[in-house]
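Here the structure comes first, spelled out in structure tokens, and everything after it is commentary.
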Amino acid sequence: MLSLAEARAQILERAEPGETIEVCLAEALGLVLAEPAVADVDLPPFDRAALDGYALRASDGRVETRLRVVGLHDDDECSELEISADEAAHVAPGDPIPWGADAVLRSDRIRPEPDLGPPRLVEVLEPVEVGENLVPRGHYLRAGTELAPAGARVRMAMVGLLAAQGCVHPVCYRRVRVAVFAVGDHMVGPGEAPVMHRERNAAGATVVAPCLRWGATAHDLGAIAEDDLDAALSRALTAPIVVVMGRSTSTLRRALLRAGVEPVISGVSIQPGSRMNYGVVVGPSGRVEHHVFHLPPSPIAALTVTSLLVGPLIARLQGGSAGPPPALRAVWTAPHRPTDDRLWAVPVTLAVDDQARLLATPIDYRGKDDLLGFARAEALALLAPKSGPWQGGEIVEVAPLGPWPPHDS
């Protein structure tokens, strides 16, 4: 069987970024830019005051010079004012500098005339230099500057910048749709009663959750009887990614072949989830149009494979890197038995100690069917094949199963 790294490489080498679409900025968060975002105006777009004070001509800022205050203490007035010789105008931080002014004198370095109401005359107490206490036009960036290259993911901190530069409809890679269904005449939906030796289809919702976290949209077709496989596959293959969960039966294998699925991977050396299969549907142009995963029916095994293999594929089809996702490393904290010849994905909780180290602690659970124990997991620790025993203190790679730290922590 292939290693996790080999399987991921084979899947990603068959994936190309999908369609691009123009989206409104509010919906672009988390998407990957298909075109560079470019500034259309200088930032700031005009000279502005850096602090509270009086805008003036620096040549008039000689000690004991008395200046006539023009304009009102109104932010909207500054952009329409023009400063002449021996004049000054009050400005607040961020205000545009009036025409003719080239410096701002701090309020504590000027003495207003003793009078009620806004001052009409002020006396300069300290000299000022040209450009002092103002932010010149284009100080942060000039029009035409590349704000973010094609391939950059739109992050929360970028939204304000893009909005300020008029990038309100960036061109991004479209979110990928994933179709999910389980196979088995004995299965019922999560909302139905599992009577007469039937069981609920928990794997469907388990697979949908990480797909959504990776930024995809998901369509859960529910539990499908074997007699309905052809129709279900035809419906599911309208999506670029299809995830089928169920036992590997001759009926399912024949249905996949009839649907045009070409086998690529049969088994991955990972525990749990080693019985994963992967194939593709190639279009008339020779390009892979659909990626089809056949996963074990166990929710824990399905979640493991989806997080480690389907997730990176989603990212790639949405314009992400063709390489593996960046690794997150933590300090292992507890004894653990040696691994066999497979990579073990061990459920762990995460914490940060007083030295700011990320800690991974294995949870106490009884195998791939113990949903109650597994429910406490915050990440999967990836223990290398034929390694251990683990005593604590070792550095391990971890794959978070959701945002960390959790929002409710």
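From a predicted model like this one, the values you see are computed outputs, not experimental measurements.
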Partners of E27 by salt bridge (Lys or Arg N to Asp or Glu O under 4.0 Å), sequence neighbours excluded? none
Any donor-acceptor N/O pair, R357 side chain to V331 backbone, under 3.5 Å: no
Should the pair W390 and W332 be assigned to parallel (<30°), tilted (30 to 60°) or perpendicular (>60°) ring geometry? tilted
Nearest 0.5 Å, please: how far is CG in L161 from CG in L43? 7.5 Å
Is it true that S321 and R316 share a donor-acceptor pair across their side chains at a distance under 3.5 Å? no
Pairing donors with acceptors under 3.5 angstrom, does anything connect the side chains of R213 and S307? no
Here the ring pair (Phe, Tyr, Trp, His ring centres under 6.0 Å) pairs for residues 292-326, sequence neighbours left out, are Y278-F293
Going by an N to O cut-off under 4.0 Å, is there a salt bridge joining R57 and D102? no
Look at D42 together with R142 and state whether they make a salt bridge at an N to O cut-off of under 4.0 Å. yes
Donor-acceptor list for residues 262-276 side chains, cut-off 3.5 Å, not counting sequence neighbours:
{"from": "S266", "atom 1": "OG", "to": "N277", "atom 2": "OD1", "distance (Å)": "3.2"}
{"from": "S269", "atom 1": "OG", "to": "D341", "atom 2": "O", "distance (Å)": "3.1"}
{"from": "Q271", "atom 1": "OE1", "to": "R342", "atom 2": "NH1", "distance (Å)": "2.9"}

Any Lys/Arg nitrogen of E397 or R329 sitting under 4.0 Å from an Asp/Glu carboxylate oxygen of the other? no
Are V104 and Y54 packed together at the side-chain level, in the sense that at least one heavy-atom pair is separated by less than 4.5 angstrom? no
Whether the side chain of E226 engages the backbone of L252 through a donor-acceptor N/O pair (distance < 3.5 Å, no angle test) should be reported. no
Would the distance check show the side chain of R8 and the main-chain N or O of P324 forming a donor-acceptor pair, the cut-off being under 3.5 Å? no
If I compare all heavy atoms of D108 with all of R106, which pair ends up nearest, and what's the gap? OD2-NH2, 2.8 Å
For residues H90 and D52, is any side-chain donor paired with an opposing acceptor at under 3.5 Å? yes
Is it true that a side-chain atom of H291 and a backbone atom of V242 form a donor plus acceptor pair closer than 3.5 Å? no
NZ/NE/NH1/NH2 to OD/OE distance under 4.0 Å, E16 and R287: yes
